[in-house]
Amino acid sequence: MQSLGSFLSDALGAMFRGDRRYQLWITALSALVLVGCWQYVDQLRFGLVTTGMSDQVSWGFYIANFAFLVGVAASAVLLIIPAYVFNRKDAEEVVLLGEAMAVAAVVSAILFVIVDLGRPDRLWHMLPLLGRFNFPASMLAWDVVVL
């Protein structure tokens, strides 16, 4: 069995294999991700005021992306369920792709919940029996229950 380090090095090697245009595209996307991480650290240091958005705009952005990602996860699950129900071995590649897509969408939706909280140290409030969950009244609590 491979170790996680060798898996990650193989994955990074495969990711950067391609022609010059592809490598420039991956480099540009990586730079964009780094700028986003830098901005998120800035948001953690100074608060949500650094976004310059009103509450309605940030809430709408959160809800739109959350609803989209939950829909992507649901559609991926609907794609893979028939393969399991009918025990179709010929659809194995599609099943693996669908499972990976569903997991990635759910993880991304959870990350949107964490970003919408403002600070990750507030996450324990969203866990039932540990924090102040405020379940029936809070829309964010409903989102956590869905995930």
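Residues take their numbers from the sequence shown, with the count starting at 1.
Phe86 is connected to Ile81 through a chain of hydrophobic side-chain contacts under 4.5 Å among Ile, Leu, Val, Met, Phe, Trp and Tyr, so both are in one cluster. Note: the hydrophobic cluster containing Val33 does not contain Ile26 (ILVMFWY, side chain heavy atoms under 4.5 Å, direct or indirect links). There is a path of hydrophobic side-chain contacts, each under 4.5 Å, that joins Phe61 to Phe66. Tracing side-chain contacts under 4.5 Å through hydrophobic residues (I, L, V, M, F, W, Y), one reaches Val72 starting from Ile110; they form part of the same cluster. Note on Val103: it does not cluster hydrophobically with Val77, by side-chain heavy-atom contacts below 4.5 Å among ILVMFWY residues.
Between Ala109 and Leu69 the shortest heavy-atom distance is N-CD1, 3.7 Å. For Ala76 against Gly98, the heavy-atom pair with the smallest separation is CB-O, 3.3 Å.
Note that CH2 of Trp38 and CD of Gln43 are 13.5 Å apart. Values are rounded to the nearest 0.5 Å. Taken to the nearest 0.5 Å, the CG atom of Asp19 stands 9.0 Å off from the CG atom of Leu24. To the nearest 0.5 Å, atom CG of residue Asp42 and atom SG of residue Cys37 are 13.0 Å apart.
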Candidate pair Ile80 and Val94, rule side chain to side chain contact (heavy atoms under 4.5 Å, CB included), full reasoning: CA-CA 7 Å; Ile80 63 175; Val94 175; 5.8 Å; no

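Distance alone, capped at 3.5 Å, is enough to place a donor-acceptor pair between the Tyr22 side chain and the Met15 backbone.
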